[in-house]
Enquirer: 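Okay, handing you the structure first.
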Amino acid sequence: MSRDTIADIITSIRNADMDRKGTVRIASTKITENITKILLREGFIENVRKHQEGKNFFLALTLRHRRNRKGPCRTRLNLKRISRPGLRIYSNYQQIPRILGGMGIVILSTSRGIMTDREARLEGIGGEILCYIW
């Protein structure tokens, strides 16, 4: 049985946002570090810190705080896993989907590393569509 680390971090962030938590702790791998750098750069999370417990490394993500904490529970952060171990989804740079007309981002795994849809279109390369974030 294999573990899907990308789905794990997406689920952890989504659950923490729905539960109105301030921080999330996820396992640190090269893929998760690259994805969290993109989330930090695009403004979806506030801060990332790397911690070590024994031999294991963890990333502590600080989520953006909401102004209105009362009222109905609406998630501000929407994440959706697209390509998964059982079904890989690939796209060339011309057919990368636009999320909410360019308001959201698509995270791709390309031959030049993990990048957003805008960076992939500028570089003219496609790759595996990992997830949508809006």
Side-chain angles (χ1 to χ4, degrees):
M1 186 169 151
S2 66
R3 287 189 55 182
D4 188 8
T5 58
I6 299 170
D8 289 344
I9 67 167
I10 286 174
T11 303
S12 298
I13 293 171
R14 186 184 315 120
N15 288 343
D17 188 50
M18 285 191 323
D19 201 25
R20 298 180 181 180
K21 300 270 185 188
T23 61
V24 181
R25 196 177 97 161
I26 58 174
S28 176
T29 62
K30 288 182 181 180
I31 292 173
T32 58
E33 286 179 11
N34 289 332
I35 290 175
T36 54
K37 283 179 188 176
I38 290 173
L39 290 175
L40 182 65
R41 187 176 60 221
E42 295 290 327
F44 289 105
I45 58 176
E46 208 170 289
N47 192 12
V48 178
R49 292 181 310 266
K50 192 170 186 177
H51 296 288
Q52 182 179 4
E53 290 182 9
K55 294 183 180 180
N56 299 328
F57 286 94
F58 294 97
L59 295 174
L61 309 176
T62 305
L63 300 177
R64 289 249 180 236
H65 297 289
R66 293 183 224 176
R67 302 286 181 219
N68 185 8
R69 290 197 168 255
K70 297 187 180 188
C73 182
R74 285 190 174 165
T75 58
R76 184 184 63 78
L77 187 61
N78 293 307
L79 298 105
K80 185 176 181 184
R81 176 81 159 119
I82 301 302
S83 184
R84 51 192 171 88
L87 179 65
R88 303 286 186 186
I89 307 294
Y90 297 95
S91 176
N92 61 12
Y93 77 97
Q94 296 166 337
Q95 296 176 343
I96 297 173
R98 293 185 190 274
I99 306 302
L100 293 178
M103 296 292 289
I105 62 169
V106 178
I107 296 180
L108 295 136
S109 176
T110 66
S111 58
R112 296 185 192 157
I114 295 177
M115 60 179 64
T116 64
D117 56 338
R118 288 180 223 114
E119 295 168 348
R121 283 189 196 98
L122 286 175
E123 302 239 354
I125 55 174
E128 180 183 355
I129 300 175
L130 297 178
C131 60
Y132 297 157
I133 301 170
W134 69 96

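No hydrogens, no waters, no symmetry mates; every other heavy atom, side chains included, goes into these values.
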Enquirer: Mind checking what makes side-chain hydrogen bond (donor to acceptor under 3.5 Å, both in side chains) contact with Arg88, not counting sequence neighbours?
Expert: Glu128
Enquirer: If you compare all heavy atoms of Glu46 against all heavy atoms of Leu63, which two are closest, and at what distance to 0.1 Å?
Expert: OE1-O, 3.9 Å
Enquirer: Hey, does the side chain of Arg64 reach the backbone of Gly43 with a donor-acceptor pair shorter than 3.5 angstrom?
Expert: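 At least one qualifying donor-acceptor pair exists.
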Enquirer: Minimum heavy-atom separation for Ser12 to Val24, with atom names?
Expert: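 That closest heavy-atom pairing would be CB-CG1, 3.9 Å.
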Enquirer: Which heavy-atom pair separates Tyr93 from Ile125 by the least distance, and what is that distance?
Expert: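 Taking every non-hydrogen atom into account, CB-O, 3.4 Å.
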Enquirer: Do Leu79 and Arg81 touch side chain to side chain, with heavy atoms closer than 4.5 Å?
Expert: no
Enquirer: Residues in side-chain hydrogen bond (donor to acceptor under 3.5 Å, both in side chains) with Arg49, at least two apart?
Expert: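 Arg49 satisfies side-chain hydrogen bond (donor to acceptor under 3.5 Å, both in side chains) with no other residue.
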Enquirer: Please name the residue in the list Asn47, Leu40, Ile45 that meets the side chain to side chain contact (heavy atoms under 4.5 Å, CB included) test with Leu61.
Expert: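 Going through Asn47, Leu40, Ile45 one by one, the side chain to side chain contact (heavy atoms under 4.5 Å, CB included) with Leu61 is satisfied by Ile45 alone.
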Enquirer: Side chain of Arg14, backbone of Ala16: donor and acceptor closer than 3.5 Å?
Expert: no
Enquirer: Can you check whether Ile96's main-chain N or O pairs, donor with acceptor, with Arg121's side chain at less than 3.5 Å?
Expert: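 Pair found, side chain donor or acceptor close to backbone of Ile96.
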Enquirer: Take Ile99 and Ile105 through the side-chain contact (heavy atoms from CB on, under 4.5 Å) test and state the conclusion after the steps.
Expert: CA-CA 6 Å; Ile99 306 302; Ile105 62 169; over 6 Å; no
Enquirer: For Gln52 and Gly54, indicate whether the former's side chain and the latter's backbone hold a donor-acceptor pair under 3.5 Å.
Expert: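 Here the side-chain-to-backbone pair exists.
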Enquirer: Show the nearest heavy-atom pair for residues Leu108 and Thr116, with the distance to one decimal.
Expert: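 For Leu108 versus Thr116, the nearest heavy atoms are CD1-O, 4.0 Å.
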Enquirer: My understanding is that only residues two or more places apart in sequence, or in another chain, count here; which of them pass side-chain hydrogen bond (donor to acceptor under 3.5 Å, both in side chains) with Arg84?
Expert: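 Once residues adjacent in sequence are excluded, Arg84 has no partner under the side-chain hydrogen bond (donor to acceptor under 3.5 Å, both in side chains) criterion.
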Enquirer: Holding to salt bridge (Lys or Arg N to Asp or Glu O under 4.0 Å), I want the full list of residues that pass it with Arg41, two or more places apart in sequence or in another chain.
Expert: Glu119
Enquirer: Report all side-chain donor-acceptor pairs from residues 31-38 shorter than 3.5 Å, counting only partners two or more places apart or in another chain.
Expert:
from	atom 1	to	atom 2	distance (Å)
Thr32	OG1	Ala27	O	3.2
Thr32	OG1	Thr29	N	2.7
Thr32	OG1	Thr29	O	3.0
Thr32	OG1	Thr29	OG1	3.1
Glu33	OE2	Ser28	OG	2.7
Glu33	OE2	Lys50	NZ	2.8
Asn34	ND2	Lys30	O	3.2
Thr36	OG1	Thr32	O	2.9
Thr36	OG1	Glu33	O	2.9

Enquirer: Mind checking side chain to side chain contact (heavy atoms under 4.5 Å, CB included) for Glu53 and listing every partner two or more places apart, or none if nothing turns up?
Expert: Arg25, Phe58
